[in-house]
Amino acid sequence: MRNFVIRRVLLMVPMLLGASALIFFVFALTPGDFIDGNITLTPERAAELKALYGLDRPVFDRYLDWLGHLLTGDLGYSMQYRIPVATLLNQYVWNSFLLAGTALLLYWALSLLAGITAAVRPYSWYDRLVTLAIFGAMSFPVFFLCLLLIKWFAVDLRWLPVGGMTSTGSETTGWAWVAEVAAHMVLPVLVLTALQAGSLTRYIRASMLEALSMDFVRTARAKGLKERTVIFKHALRNALLPVITLLGFELPGLFSGAIVTEKIFNWPGAGHIQIDTLAARDYPVLMGFTMALAALTILGNLLADIAYAAADPRIRLRRG
(Lines give C-alpha, C1' and ligand atoms only; values in the text may rest on other atoms or scores of the structure.)
Protein backbone atom coordinates (compact mmCIF):
# COMPACT_ATOMS: atom_id res chain seq x y z
CA MET A 1 0.00 0.00 0.00
CA ARG A 2 2.88 2.35 0.79
CA ASN A 3 4.43 1.92 -2.67
CA PHE A 4 1.04 2.46 -4.27
CA VAL A 5 0.58 5.78 -2.44
CA ILE A 6 4.14 6.93 -3.21
CA ARG A 7 3.68 6.27 -6.93
CA ARG A 8 0.42 8.18 -6.95
CA VAL A 9 1.98 11.16 -5.12
CA LEU A 10 4.93 11.29 -7.54
CA LEU A 11 2.52 11.29 -10.49
CA MET A 12 0.95 14.45 -9.10
CA VAL A 13 4.09 16.51 -9.83
CA PRO A 14 4.02 16.34 -13.67
CA MET A 15 0.24 16.66 -13.62
CA LEU A 16 0.43 19.89 -11.61
CA LEU A 17 3.16 21.27 -13.88
CA GLY A 18 1.11 20.44 -16.96
CA ALA A 19 -1.97 22.02 -15.44
CA SER A 20 -0.08 25.19 -14.52
CA ALA A 21 1.29 25.56 -18.06
CA LEU A 22 -2.10 24.98 -19.65
CA ILE A 23 -3.89 27.39 -17.32
CA PHE A 24 -1.32 30.16 -17.69
CA PHE A 25 -1.01 30.06 -21.47
CA VAL A 26 -4.78 29.88 -22.00
CA PHE A 27 -5.28 33.11 -20.05
CA ALA A 28 -2.04 34.78 -21.16
CA LEU A 29 -2.80 34.27 -24.85
CA THR A 30 -6.39 35.48 -24.51
CA PRO A 31 -6.74 38.88 -26.23
CA GLY A 32 -7.03 41.82 -23.86
CA ASP A 33 -6.58 42.14 -20.12
CA PHE A 34 -7.74 44.28 -17.19
CA ILE A 35 -5.69 47.28 -18.34
CA ASP A 36 -6.98 47.11 -21.92
CA GLY A 37 -10.54 47.01 -20.60
CA ASN A 38 -10.11 50.29 -18.69
CA ILE A 39 -11.12 52.93 -21.24
CA THR A 40 -10.28 55.79 -18.86
CA LEU A 41 -6.54 55.13 -19.12
CA THR A 42 -4.40 57.03 -21.59
CA PRO A 43 -2.11 54.95 -23.84
CA GLU A 44 0.91 56.21 -21.91
CA ARG A 45 -0.60 55.24 -18.55
CA ALA A 46 -1.69 51.84 -19.91
CA ALA A 47 1.86 51.15 -21.15
CA GLU A 48 3.22 52.21 -17.76
CA LEU A 49 0.92 49.85 -15.91
CA LYS A 50 1.72 46.95 -18.23
CA ALA A 51 5.41 47.49 -17.57
CA LEU A 52 4.69 47.66 -13.83
CA TYR A 53 2.81 44.33 -13.82
CA GLY A 54 5.23 42.72 -16.28
CA LEU A 55 2.62 42.30 -19.02
CA ASP A 56 5.02 43.62 -21.66
CA ARG A 57 7.47 40.75 -21.12
CA PRO A 58 7.61 37.57 -23.27
CA VAL A 59 4.92 35.05 -22.38
CA PHE A 60 7.33 32.26 -21.47
CA ASP A 61 9.29 34.53 -19.11
CA ARG A 62 6.04 35.55 -17.44
CA TYR A 63 5.10 31.88 -17.01
CA LEU A 64 8.40 31.03 -15.32
CA ASP A 65 7.99 34.03 -13.02
CA TRP A 66 4.38 33.06 -12.20
CA LEU A 67 5.39 29.45 -11.60
CA GLY A 68 8.19 30.53 -9.28
CA HIS A 69 5.79 32.60 -7.19
CA LEU A 70 3.25 29.79 -7.32
CA LEU A 71 5.71 27.38 -5.70
CA THR A 72 5.98 29.77 -2.75
CA GLY A 73 2.20 30.03 -2.36
CA ASP A 74 1.91 33.40 -4.11
CA LEU A 75 -1.05 33.25 -6.52
CA GLY A 76 -0.51 36.73 -7.88
CA TYR A 77 -2.11 40.14 -7.40
CA SER A 78 -5.67 41.15 -8.25
CA MET A 79 -5.72 44.29 -10.35
CA GLN A 80 -9.46 44.72 -9.80
CA TYR A 81 -9.56 44.32 -6.01
CA ARG A 82 -5.95 45.50 -5.49
CA ILE A 83 -5.10 42.78 -2.99
CA PRO A 84 -3.19 39.48 -3.30
CA VAL A 85 -5.19 36.73 -4.97
CA ALA A 86 -4.62 34.37 -2.03
CA THR A 87 -6.08 36.96 0.35
CA LEU A 88 -9.06 37.54 -1.93
CA LEU A 89 -9.84 33.83 -2.28
CA ASN A 90 -9.46 33.30 1.46
CA GLN A 91 -12.19 35.88 2.03
CA TYR A 92 -14.73 34.09 -0.17
CA VAL A 93 -13.81 30.43 -0.66
CA TRP A 94 -14.89 29.36 2.84
CA ASN A 95 -18.37 30.73 2.21
CA SER A 96 -18.53 28.49 -0.86
CA PHE A 97 -17.23 25.59 1.22
CA LEU A 98 -19.97 26.14 3.81
CA LEU A 99 -22.69 26.24 1.18
CA ALA A 100 -21.46 23.37 -0.98
CA GLY A 101 -20.39 21.25 2.00
CA THR A 102 -23.87 21.40 3.49
CA ALA A 103 -25.42 20.55 0.13
CA LEU A 104 -22.92 17.70 -0.32
CA LEU A 105 -23.88 16.01 2.96
CA LEU A 106 -27.57 16.46 2.21
CA TYR A 107 -27.67 15.18 -1.37
CA TRP A 108 -25.34 12.25 -0.67
CA ALA A 109 -27.56 11.15 2.22
CA LEU A 110 -30.71 11.52 0.10
CA SER A 111 -29.13 9.83 -2.92
CA LEU A 112 -27.91 6.85 -0.91
CA LEU A 113 -31.30 6.39 0.72
CA ALA A 114 -33.29 6.80 -2.50
CA GLY A 115 -30.88 4.84 -4.69
CA ILE A 116 -30.62 1.83 -2.37
CA THR A 117 -34.34 1.58 -1.66
CA ALA A 118 -35.18 1.97 -5.37
CA ALA A 119 -32.72 -0.79 -6.30
CA VAL A 120 -34.10 -3.14 -3.65
CA ARG A 121 -37.58 -2.73 -5.13
CA PRO A 122 -36.92 -2.29 -8.86
CA TYR A 123 -39.80 -1.28 -11.15
CA SER A 124 -42.16 -0.85 -8.20
CA TRP A 125 -44.30 2.24 -7.73
CA TYR A 126 -41.64 3.64 -5.40
CA ASP A 127 -38.91 3.10 -7.99
CA ARG A 128 -41.00 4.79 -10.68
CA LEU A 129 -41.76 7.70 -8.34
CA VAL A 130 -38.06 8.16 -7.56
CA THR A 131 -37.21 8.03 -11.27
CA LEU A 132 -39.88 10.64 -12.03
CA ALA A 133 -38.57 12.93 -9.28
CA ILE A 134 -35.00 12.48 -10.54
CA PHE A 135 -35.78 13.44 -14.11
CA GLY A 136 -38.02 16.26 -12.93
CA ALA A 137 -35.25 17.81 -10.83
CA MET A 138 -32.65 17.35 -13.57
CA SER A 139 -34.84 18.96 -16.23
CA PHE A 140 -34.99 22.37 -14.50
CA PRO A 141 -32.37 24.94 -15.58
CA VAL A 142 -30.39 26.30 -12.64
CA PHE A 143 -31.49 29.91 -12.99
CA PHE A 144 -35.16 28.91 -13.38
CA LEU A 145 -35.14 26.74 -10.26
CA CYS A 146 -33.43 29.51 -8.28
CA LEU A 147 -35.97 32.12 -9.34
CA LEU A 148 -38.87 29.72 -8.79
CA LEU A 149 -37.85 29.00 -5.19
CA ILE A 150 -37.28 32.71 -4.55
CA LYS A 151 -40.78 33.51 -5.80
CA TRP A 152 -42.46 30.76 -3.78
CA PHE A 153 -40.64 30.88 -0.45
CA ALA A 154 -39.23 34.42 -0.31
CA VAL A 155 -41.72 36.59 -2.22
CA ASP A 156 -45.09 34.84 -1.93
CA LEU A 157 -44.84 33.01 1.42
CA ARG A 158 -42.12 35.23 2.93
CA TRP A 159 -40.74 32.30 4.88
CA LEU A 160 -37.12 32.76 3.86
CA PRO A 161 -34.83 35.65 2.86
CA VAL A 162 -34.31 36.41 -0.82
CA GLY A 163 -30.53 36.23 -0.85
CA GLY A 164 -27.25 37.20 0.71
CA MET A 165 -25.52 35.54 3.64
CA THR A 166 -26.96 37.81 6.33
CA SER A 167 -29.60 40.52 6.39
CA THR A 168 -28.59 44.02 5.33
CA GLY A 169 -27.15 45.92 8.28
CA SER A 170 -27.32 42.88 10.54
CA GLU A 171 -25.17 42.99 13.68
CA THR A 172 -26.11 39.63 15.14
CA THR A 173 -23.51 37.50 16.88
CA GLY A 174 -23.27 34.05 18.39
CA TRP A 175 -26.13 31.63 17.86
CA ALA A 176 -28.35 34.39 16.46
CA TRP A 177 -25.81 34.86 13.66
CA VAL A 178 -25.68 31.11 13.05
CA ALA A 179 -29.48 30.98 12.77
CA GLU A 180 -29.50 33.95 10.40
CA VAL A 181 -26.86 32.41 8.11
CA ALA A 182 -28.70 29.06 8.20
CA ALA A 183 -31.92 30.76 7.08
CA HIS A 184 -30.12 32.39 4.15
CA MET A 185 -28.58 29.03 3.20
CA VAL A 186 -31.85 27.13 2.87
CA LEU A 187 -32.79 28.14 -0.68
CA PRO A 188 -29.34 27.84 -2.34
CA VAL A 189 -28.74 24.51 -0.58
CA LEU A 190 -32.12 23.24 -1.83
CA VAL A 191 -31.15 24.21 -5.39
CA LEU A 192 -27.75 22.52 -5.23
CA THR A 193 -29.26 19.41 -3.62
CA ALA A 194 -32.02 19.10 -6.21
CA LEU A 195 -29.59 19.51 -9.10
CA GLN A 196 -26.98 17.06 -7.81
CA ALA A 197 -29.10 14.39 -6.14
CA GLY A 198 -30.75 13.24 -9.37
CA SER A 199 -27.71 12.02 -11.27
CA LEU A 200 -26.10 10.59 -8.12
CA THR A 201 -29.25 8.65 -7.23
CA ARG A 202 -29.36 7.11 -10.71
CA TYR A 203 -25.71 6.12 -10.43
CA ILE A 204 -26.15 4.53 -6.99
CA ARG A 205 -29.31 2.73 -8.11
CA ALA A 206 -27.59 1.28 -11.18
CA SER A 207 -24.53 0.21 -9.17
CA MET A 208 -26.72 -1.36 -6.49
CA LEU A 209 -28.82 -3.23 -9.07
CA GLU A 210 -25.66 -4.67 -10.59
CA ALA A 211 -24.37 -5.77 -7.18
CA LEU A 212 -27.68 -7.40 -6.25
CA SER A 213 -27.58 -9.52 -9.42
CA MET A 214 -24.14 -10.98 -8.69
CA ASP A 215 -23.51 -14.56 -7.63
CA PHE A 216 -22.17 -13.76 -4.16
CA VAL A 217 -25.48 -12.07 -3.27
CA ARG A 218 -27.46 -15.12 -4.38
CA THR A 219 -25.07 -17.28 -2.36
CA ALA A 220 -25.57 -15.11 0.72
CA ARG A 221 -29.34 -15.43 0.38
CA ALA A 222 -29.05 -19.18 -0.13
CA LYS A 223 -27.19 -19.42 3.18
CA GLY A 224 -30.25 -18.02 4.90
CA LEU A 225 -28.80 -14.63 5.85
CA LYS A 226 -31.23 -11.86 6.70
CA GLU A 227 -32.15 -9.59 3.80
CA ARG A 228 -30.84 -6.56 5.70
CA THR A 229 -27.45 -8.27 6.09
CA VAL A 230 -27.37 -9.24 2.42
CA ILE A 231 -28.14 -5.71 1.27
CA PHE A 232 -26.00 -3.62 3.59
CA LYS A 233 -23.08 -5.94 4.35
CA HIS A 234 -22.60 -7.66 1.01
CA ALA A 235 -24.29 -5.80 -1.84
CA LEU A 236 -23.85 -2.22 -0.64
CA ARG A 237 -20.16 -2.65 0.13
CA ASN A 238 -19.46 -3.69 -3.46
CA ALA A 239 -21.90 -1.20 -4.97
CA LEU A 240 -20.12 1.72 -3.29
CA LEU A 241 -16.76 0.95 -4.89
CA PRO A 242 -17.52 2.82 -8.16
CA VAL A 243 -19.12 5.63 -6.17
CA ILE A 244 -15.84 6.30 -4.37
CA THR A 245 -14.48 7.72 -7.62
CA LEU A 246 -17.33 10.23 -7.76
CA LEU A 247 -16.65 11.32 -4.20
CA GLY A 248 -13.08 12.24 -5.17
CA PHE A 249 -14.38 14.78 -7.67
CA GLU A 250 -16.50 16.47 -5.00
CA LEU A 251 -13.44 18.02 -3.34
CA PRO A 252 -12.85 20.78 -5.92
CA GLY A 253 -16.59 21.33 -6.11
CA LEU A 254 -16.68 22.24 -2.44
CA PHE A 255 -14.35 25.19 -3.03
CA SER A 256 -15.41 26.25 -6.51
CA GLY A 257 -19.02 26.65 -5.48
CA ALA A 258 -21.96 26.95 -7.82
CA ILE A 259 -21.38 30.02 -9.95
CA VAL A 260 -24.94 30.64 -11.14
CA THR A 261 -26.53 29.76 -7.80
CA GLU A 262 -24.21 32.02 -5.82
CA LYS A 263 -24.75 34.87 -8.27
CA ILE A 264 -28.55 34.68 -8.21
CA PHE A 265 -28.75 34.38 -4.42
CA ASN A 266 -26.00 37.00 -3.98
CA TRP A 267 -24.05 34.55 -1.85
CA PRO A 268 -20.54 35.96 -1.16
CA GLY A 269 -18.61 32.93 -2.41
CA ALA A 270 -15.81 32.12 -4.83
CA GLY A 271 -18.27 31.46 -7.65
CA HIS A 272 -19.70 34.95 -7.22
CA ILE A 273 -16.36 36.74 -7.59
CA GLN A 274 -15.42 34.45 -10.48
CA ILE A 275 -18.08 36.06 -12.67
CA ASP A 276 -17.01 39.57 -11.63
CA THR A 277 -13.32 38.94 -12.33
CA LEU A 278 -14.15 37.29 -15.65
CA ALA A 279 -16.15 40.32 -16.73
CA ALA A 280 -13.29 42.61 -15.66
CA ARG A 281 -10.67 40.30 -17.27
CA ASP A 282 -8.75 40.17 -14.00
CA TYR A 283 -6.73 37.16 -15.19
CA PRO A 284 -4.44 36.78 -12.12
CA VAL A 285 -7.51 35.94 -10.02
CA LEU A 286 -8.87 33.55 -12.61
CA MET A 287 -5.49 31.83 -13.01
CA GLY A 288 -4.97 31.48 -9.28
CA PHE A 289 -8.49 30.22 -8.71
CA THR A 290 -8.34 27.76 -11.62
CA MET A 291 -4.94 26.49 -10.48
CA ALA A 292 -6.30 25.93 -6.98
CA LEU A 293 -9.18 23.94 -8.47
CA ALA A 294 -6.77 21.90 -10.60
CA ALA A 295 -4.69 21.06 -7.52
CA LEU A 296 -7.83 20.06 -5.60
CA THR A 297 -9.00 17.91 -8.51
CA ILE A 298 -5.68 16.05 -8.62
CA LEU A 299 -5.73 15.70 -4.83
CA GLY A 300 -9.31 14.39 -5.00
CA ASN A 301 -8.26 11.78 -7.55
CA LEU A 302 -5.39 10.74 -5.29
CA LEU A 303 -7.69 10.35 -2.30
CA ALA A 304 -10.19 8.42 -4.44
CA ASP A 305 -7.43 6.06 -5.64
CA ILE A 306 -6.26 5.48 -2.07
CA ALA A 307 -9.79 4.88 -0.81
CA TYR A 308 -10.52 2.57 -3.74
CA ALA A 309 -7.33 0.60 -3.14
CA ALA A 310 -8.07 0.34 0.57
CA ALA A 311 -11.58 -0.96 -0.14
CA ASP A 312 -10.49 -3.38 -2.88
CA PRO A 313 -6.93 -4.81 -2.50
CA ARG A 314 -7.04 -6.08 -6.09
CA ILE A 315 -6.75 -2.51 -7.33
CA ARG A 316 -3.40 -1.78 -5.71
CA LEU A 317 -2.07 -5.18 -6.77
CA ARG A 318 -3.13 -4.56 -10.36
CA ARG A 319 -2.01 -0.93 -10.52
CA GLY A 320 0.92 -1.06 -8.12
Side-chain angles (χ1 to χ4, degrees), residues 34 38 73-110 140-197 250-282 284-286 288-290 292-293 296:
F34 180 79
N38 192 339
D74 183 4
L75 298 178
Y77 189 82
S78 172
M79 290 179 280
Q80 179 184 8
Y81 293 94
R82 298 182 180 180
I83 57 175
V85 174
T87 303
L88 177 66
L89 293 181
N90 189 55
Q91 294 176 0
Y92 291 96
V93 75
W94 300 109
N95 296 334
S96 292
F97 178 78
L98 174 64
L99 186 67
T102 305
L104 173 74
L105 294 176
L106 185 57
Y107 74 71
W108 268 85
L110 291 175
F140 281 102
V142 180
F143 69 91
F144 179 79
L145 186 57
C146 291
L147 296 176
L148 186 64
L149 293 182
I150 289 174
K151 182 182 184 303
W152 284 351
F153 296 103
V155 178
D156 294 341
L157 298 175
R158 297 186 179 181
W159 287 353
L160 296 167
V162 175
M165 190 171 178
T166 57
S167 301
T168 304
S170 174
E171 298 180 354
T172 56
T173 57
W175 289 107
W177 179 84
V178 173
E180 185 176 353
V181 172
H184 284 76
M185 285 176 58
V186 172
L187 290 181
V189 166
L190 281 177
V191 171
L192 294 177
T193 301
L195 295 174
Q196 297 292 335
E250 299 292 346
L251 183 59
L254 291 178
F255 291 90
S256 64
I259 297 177
V260 176
T261 304
E262 288 184 359
K263 189 67 176 178
I264 292 178
F265 285 102
N266 198 28
W267 184 266
H272 184 85
I273 65 168
Q274 198 173 11
I275 295 180
D276 294 338
T277 53
L278 180 62
R281 292 190 287 188
D282 192 357
V285 177
L286 294 173
F289 185 65
T290 309
L293 291 184
L296 287 173

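Remember, predicted model here, so these are calculated numbers, not experimental data.
Between Phe140 and Phe144, the angle of the ring planes stays under 30°, which puts this pair in the parallel group of the 30/60° scheme.
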Please assess Leu195 against Tyr107 for the test side-chain contact (heavy atoms from CB on, under 4.5 Å), listing each intermediate value before the final yes or no. CA-CA 9 Å; Leu195 295 174; Tyr107 74 71; over 6 Å; no
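What you find for Gly269 and Asn95 is that their closest heavy atoms are CA-CB, 4.3 Å. Minimum interatomic distance between Gly164 and Trp267 (heavy atoms only, all atoms of both residues): O-CE3, 3.6 Å. Residues Ser167 and Glu180 share a closest heavy-atom pair of N-OE2, 2.6 Å. Between Gly288 and Val85, the shortest heavy-atom distance links the atoms CA-CG1, 4.4 Å. Scanning both residues, Gly73 and Ala86, for their nearest heavy atoms gives O-CB, 4.5 Å. The heavy-atom pair separating Gly163 from His184 by the smallest distance is O-CD2, 3.1 Å.
In this structure, the side chains of Thr261 and Leu145 stay at 4.5 Å or more apart for every pair of heavy atoms. The shortest distance between side-chain heavy atoms of Lys263 and Asp276 falls below 4.5 Å. Proximity of Tyr81 to Ile273: side-chain heavy atoms (C-beta onward) are separated by under 4.5 Å at one or more points. Arg158 is not listed as a side-chain neighbour of Phe153, based on a closest heavy-atom distance of 4.5 Å or more. Under the 4.5 Å side-chain criterion, counting only non-hydrogen atoms from C-beta, Thr166 is in contact with Trp177. No side-chain heavy atom of Pro84 sits under 4.5 Å from any side-chain heavy atom of Asp74. Residues Met185 and Leu98 meet the side-chain proximity criterion, which asks for heavy atoms closer than 4.5 Å.
No side-chain N or O of Thr277 forms a donor-acceptor pair with one of Gln80 less than 3.5 Å apart.
A side chain to side chain donor-acceptor pair (under 3.5 Å) with Ser170 is found for exactly one of Thr173, Thr168, Thr172, namely Thr172. Applying side-chain contact (heavy atoms from CB on, under 4.5 Å) to Leu149 and the options Val186, Val191, Ile264 leaves one that passes, Val191.
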